[in-house]
Amino acid sequence: MARKDMPPKPRDPSWRARHALGHKRHQSADAYSRADSRAAERAARGERADDAVEATIVLGIETSCDETCAAIVRADRRVLASRVRGQADAHARYGGVVPEIAARAHVEHIDRLVAEALDEAGLGFDALDAVAATAGPGLIGGVMVGLMTGKAIAAVAGVPLIAVNHLEGHALTARLTDDVAFPYLLLLVSGGHCQLLAVEGVGRYTRLGTTYDDAVGEAYDKTAKLLGLGFPGGPAVERAALAGDATRFKLPRPLKGRPGCDFSFSGLKTAVRHAVETLGAGRLAAQDVADLCASFQAAVADVLADRVANAFALFGERFPAGDVLVVAGGVAANQALRARLGTVAEAHGFVLVAPPPELCTDNAAMIAWAGIERLALGLTDALDAPPRGRWPLDPDAPPATGAGIKA
Ligand code: KG4
Ligand code: ZN
């Protein structure tokens, strides 16, 4: 339909109000007039303004670690496409992610992944209402690649950019998959973070606890490395543990039984190393590896269950009606840990919500969804939004004490 033939723009107050901030704050008039004209086109097709909100389409881009990801998500919670290209092969021989290799691989693959996601969704740039790209925290070279790509596409498509906090992507995934209402308790367990947070709204997080040293995913990866299981370690340890005896090795449960919601995993990792040395590194039988993995995983499960139990009490004081525990981040893909968290949640009158495993590990659907949530509140960003290596969800949380802290 030619522009001059368009019917009047929809004037639904909630849509306007939700976008008002974004209109005023950051975007060029041109970008918004194009977004408005798309809304008008939808109105012309007989969609109500609410339908237009539901039909908002956002491209998500994620490049903060070693997965290059692009996804297309609609505000009605439909994931139209989600492409993930891992780089495990490129990093495997180093036993961990090498930042420069990761950044180069993102440069090489991001354009193709975006094109594939658009193809799969059957859409072009002109269908997008916004572009959401991870702006941190993460490996800065990779973050820059994805954010720059997102900015370029937003500029070309004439739509708003949303610079998304990767952790907020994880934190809000349960609202994409299960429409969970605020507030909820969040256990965020990934390769770089292990935190308990009260989630009150978009951008509103109160940290209840964090790790003094290693993140839980990091503990999985280091354990896998010690046992020669390769990288990434989490899925390999989980697989090996299935055939193991969790009672064979008496591993520590750091901080278990202590007040508060903080974590520590470096002692557990060291205990695994001592066990390996005692058995004789390089001479481990498959059963030794399986038993160590099972023992390690049981220790992690015990610690998480104990810390979460304390968090239920703390969260309950602030939000007596809140009864949902969300687990998110790569480690949340672990079936044994999910089962244990489900049991402990139930015992405390909470319900566990765990997104499907492919939306726990890094992906761009969660970034697109965080973009949709932010766009609805008018929280868009300027094209000079900076990449951020460090970006805590709760900037007011006091620094945790302990060595090697990852706030
Ligand atoms: O969220 P994520 O994909 O990336 C970061 O933001 O860090 O999390 C990656 C971490 C890695 O440490 C990986 O070993 C761990 O999540 N992970 C798992 C499992 N799948 C991934 N840990 C335990 N069990 C799994 N099944
Ligand atoms: Zn992540």
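Atoms within a ligand are numbered from 1 in the order they appear, just like the ligands themselves.
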Looking at [X] and [Y], does any basic side-chain N land under 4.0 Å from a carboxylate oxygen?
X	Y	answer
Asp291	Arg248	yes
Arg318	Glu200	no
Asp306	Arg253	no

Which option, [options], owns the non-hydrogen atom nearest [atom]?
atom	options	value
atom 20 (N) of ligand 1	Cys65, Cys69, Gly330	Gly330
atom 15 (C) of ligand 1	Val189, Thr134, Val331, Leu188	Val331
atom 18 (C) of ligand 1	Ala219, Ser190, Gly329, Gly234	Gly234

Side chain His91, main chain Val98, donor-acceptor under 3.5 Å: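 Checking the backbone N and O of Val98 against the side chain of His91, a donor-acceptor pair under 3.5 Å is found.
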
I want to check something: taking the side chain as every heavy atom from C-beta on, are [X] and [Y] in contact at a cut-off of under 4.5 Å?
X	Y	answer
Leu196	Phe315	no
Val344	Arg340	no
Leu118	Phe125	yes

[atom]: the protein heavy-atom neighbour that sits closest, reported with distance to 0.1 Å:
atom	value
atom 7 (O) of ligand 1	Gly191 N, 2.8 Å
atom 4 (O) of ligand 1	Asp362 OD2, 3.0 Å
atom 6 (O) of ligand 1	His166 NE2, 3.1 Å
atom 24 (N) of ligand 1	Asn334 ND2, 3.0 Å
atom 26 (N) of ligand 1	Glu238 OE1, 2.8 Å

Could you tell me which atoms of ligand 1, counted from 1 in the order shown, lie closer than 4.0 angstrom to a heavy atom of [X]?
X	result
His170	1 (O), 6 (O)
Thr361	3 (O), 21 (C)
Gly217	12 (O)
Gly192	7 (O)
Pro235	19 (C), 20 (N), 21 (C), 25 (C), 26 (N)

Apex the Zn ion (ligand 2) - arms OD1 from Asp362 and NE2 from His166 - angle rounded to 10°: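 OD1 of Asp362 and NE2 of His166 make an angle of 90° at the Zn ion (ligand 2), to the nearest 10°.
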
Closest approach of Ala298 to Ala246 (non-hydrogen atoms, all atoms of both residues):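 The answer is CB-CB, 3.9 Å.
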
Ligand 1-proximal atoms of Gln335, by part, heavy-atom distance under 4.0 Å: neither

His193 and ligand 1 - part of the residue with a heavy-atom distance under 4.0 Å: neither

Arg104, CZ: over 12 other non-hydrogen atoms inside 6.0 angstrom: no

Other residues, nucleotides, ligands: >12 heavy atoms within 6.0 Å of Glu358 CD: yes

When only distance counts, is [X] in polar contact with ligand 1, meaning an N/O pair under 3.5 Å?
X	value
Pro232	no
Asp221	yes
Tyr220	no
Glu67	no

Proximal heteroatom of His170 relative to the Zn ion (ligand 2) (N/O/S):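 It is NE2 of His170.
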
Derivation of the side-chain contact (heavy atoms from CB on, under 4.5 Å) call for Val331 and Tyr220: CA-CA 9 Å; Val331 182; Tyr220 265 93; 4.2 Å; yes

Cation over ring face, Arg175 and Phe182, 6.0 Å, 45°: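 Cation-pi check for Arg175 and Phe182: passes.
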
Ring-ring centroid check Phe249 Phe296, cutoff 6.0 Å: no

